[in-house]
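Below is one structure, written out as structure tokens, with a few remarks after it.
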Amino acid sequence: MTDLHVQLPGLDLKNPIMPASGCFGFGREYSRFYDLSLLGAVIMKAATGEVRPGNPTPRVAETEGGMLNAIGLQNPGVDQIISEEVPFLSRFDTEIIANVAGSTLEEYETVAGKFNAAPQVKALELNISCPNVKEGGVQFGTDPAMAKEVTKKVKAVSDKPVYVKLSPNVTDIVQIAKAVEEAGADGLTMINTLTGMQIHLPSKRPLIANQTGGLSGPAIKPIAIRMIYEVRRAVDLPIIGMGGIRTAEDVLEFLLAGADAVAVGTANFQNPLILPELIRDLPLVLEKYGFRSVTEATGKAVMN
Amino acid sequence: MKNVKMKLIASRKIAENTYEWKLTDDYITQRARPGQFIYIAVPGFTLRRPISIADVDQENEQFTILFKVVGKGTEQMAHFPPGMTVDCLGPNGNGFPLEMEKMGRALLIGGGIGVPPLHYLAKELVQKGMDVTAVIGFQSKADVFYEGEFAELGETILVTDDGSYGKKGYVTDALPDPSDFDVYFSCGPRGMLKNVQHLLKDKTGYLSLEERMGCGVGACAACVIPTNTKAGHKKICHDGPVFSAKEVLL
């Protein structure tokens, strides 16, 4: 019997599969397709201090092997998420991870502090890598000093483990990973989307109203694998890996590169049942490649 | 709504770059309401294509959709052979409201590929005993479809932008006297809907909106529309695609 169980700081995962933040709302829609208790965890859509309307539309555009999005952190604000969405998700037997976003250090602190007081939330994912908002977000994730600062501030107000979500839009992701490790981060989630642009020929304008958007989907998978591999060698933090996962073979590839668990985003849009299907298929794939458990596979890539 | 794999029964070119599909699936035909859409997976493409339901034949468990080739995904769909299995989510969205008092006379206003959902709506309204008048507009004669289908259901005014068929002009140039109608329903390009909303601002009306979608089920917040309600932005795929003309800010 293949063991899918993974223990990470604050998270007792029955399996290593969870939806990526922003691609799953707060679970309500996908709960109509299957029982969310099947999932290892759910990472909620980003929360900010106040309600945010998000960006103008179009907010998405299809690309070769993926898509661009610029939603702009539309969310009902942390208070409503805690009062309405967290109770909904806590009806399921799965771990709840809250994604914390903001424009200022103070906003990050406020949002993290509020989630810290919500007992159903098991861990925080610190969103310092959203490429689609003018203020905050990625500016904290592309400068090691700022990444360190915001991680410290959030750690100071949170008793719950803090996973920092890293941006791939940097020259040296290891430098950022080391900075947040020094600041006390308990884990990493990586990678967020890569900033891209697509121009519509007839109008000569970007397809996305925000001009640029975050690229996700299979197109970014090799970049995610490479970055996870590099970070794994350089820091001791557990990693929740993501970026273009569609199959159980992809999950194993992330584990081999150094991920302890994985999150799946864009693939939910194509197949709303992708997460339970991956959970069903993963044991077979692990077995095929000689692993008896998920933890056994983590970091087992062999370099040439 | 669920994920269903269904058989494509027939596919035919019905107008310039416009295709009509007949699909068979009892889950969809038993549930689909006018204004709802199905979300079609195209092999090799990341995102599904949202296509409105144009007709339902419950007895034969068949339904009809029409789509226009506007890019590589719909181009591939145009080449799907009959007999092929198509992966769909559906029926998605809310659909047009049908259970209303004082809906004796309905005005339907459609533009281009926004016309098909109004066909299914017209059929249902006529079945409920309502009078239906349709104003449908196309770019040019080659783009026209379903003129006969609408004419069977009620008075039909057809316009083309270039005047090559029917009256010349936009649907908004050809609207009958609004005081003759209790309610209107409209679907078409955003600019057309905006004009309709303005011209008929004193009437009860419903607009079906289109937008580039992500998940298609209400989770990703890609296809939103600002409203004047407390909810602020609403999700077109989930809260719509049909909205009261009085609430959406186009």
Side-chain angles (χ1 to χ4, degrees), chain A residues 19-34 45-46 51-77 200-202 207-209 213 215-219 244 246 265-274 277, chain B residues 1-5 31 38-50 70-76 87-93 190 209-241 248-250:
Chain A
S21 181
C23 298
F24 205 72
F26 301 96
R28 289 182 191 272
E29 296 78 17
Y30 289 97
S31 73
R32 292 160 65 190
F33 289 95
Y34 58 88
K45 183 163 173 54
V51 56
R52 283 218 196 177
N55 290 328
T57 57
R59 292 177 170 185
V60 289
E62 192 173 59
T63 65
E64 297 287 333
M67 63 177 281
L68 295 168
N69 90 80
I71 308 296
L73 296 181
Q74 177 179 333
N75 80 97
H200 182 238
L201 299 185
L207 270 172
I208 299 244
L215 181 65
S216 64
R246 272 190 310 180
T266 304
N268 288 286
F269 301 170
Q270 204 170 59
N271 176 7
L273 298 168
I274 186 71
E277 287 178 12
Chain B
M1 178 206 349
K2 68 174 188 181
N3 190 192
V4 276
K5 312 269 197 298
R31 288 164 181 78
I38 58 167
Y39 206 28
I40 302 172
V42 186
F45 291 83
T46 305
L47 297 174
R48 290 167 177 265
R49 268 61 180 171
V70 292
K72 289 177 190 162
T74 40
E75 172 72 37
Q76 187 168 317
D87 178 338
C88 301
L89 291 182
N92 290 23
R190 192 64 66 89
L209 307 185
E210 190 178 49
E211 185 55 82
R212 285 175 184 270
M213 292 181 181
C215 68
V217 300
C220 77
C223 61
V224 296
I225 183 79
T227 68
N228 56 19
T229 67
K230 196 165 160 269
H233 279 70
K234 288 195 173 182
K235 297 165 182 171
I236 291 175
C237 68
H238 182 266
D239 307 322
V248 286
L249 307 171
L250 298 178

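No hydrogens, no waters, no symmetry mates; every other heavy atom, side chains included, goes into these values. Quick note on labels: first sequence line is chain A, next is B, and so on, each numbered from 1.
- Top candidate by heavy-atom pairs under 4.5 Å with chain A, chosen from B:His238, B:Lys72, B:Met1, is B:Met1.
- With chain B as the partner, the residue from A:Pro218, A:Pro56, A:Gly217, A:Gly66 showing the most heavy-atom pairs under 4.5 Å is A:Gly66.
- Of the two parts of A:Tyr30, only the side chain, counted from C-beta on, holds a non-hydrogen atom closer than 4.5 Å to a non-hydrogen atom of chain B.
- Other residues, nucleotides and ligands contribute at most 12 non-hydrogen atoms within 6.0 Å of the CD atom of B:Glu210.
- The two atoms that bring B:Asn3 and B:Cys88 nearest to each other are ND2-O, 3.0 Å, heavy atoms only.
- With a threshold of 4.5 angstrom between heavy atoms, B:Arg48 approaches chain A through side-chain atoms but not through N, CA, C or O.
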Please tabulate, for side-chain N and O atoms in residues 221-228 of chain B, each donor-acceptor pair with protein atoms closer than 3.5 Å (sequence neighbours left out).
unit_1	atom_1	unit_2	atom_2	d
B:Thr227	OG1	B:Thr229	N	3.3
B:Thr227	OG1	B:Thr229	OG1	2.8
B:Thr227	OG1	B:Gly232	O	2.5
B:Asn228	ND2	B:Lys246	O	2.8

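- The part of A:Phe33 that comes within reach of chain B is its side chain, from C-beta onward, which places non-hydrogen atoms under 4.5 angstrom from that chain.
- Heavy-atom distances place the side chain of A:Pro272, and not its backbone, under 4.5 Å from chain B.
- Remark: the A:Gln74 side chain and the A:Arg59 side chain contain an N/O donor-acceptor pair separated by less than 3.5 Å.
- In this structure, the side chains of B:Val217 and A:Arg32 stay at 4.5 Å or more apart for every pair of heavy atoms.
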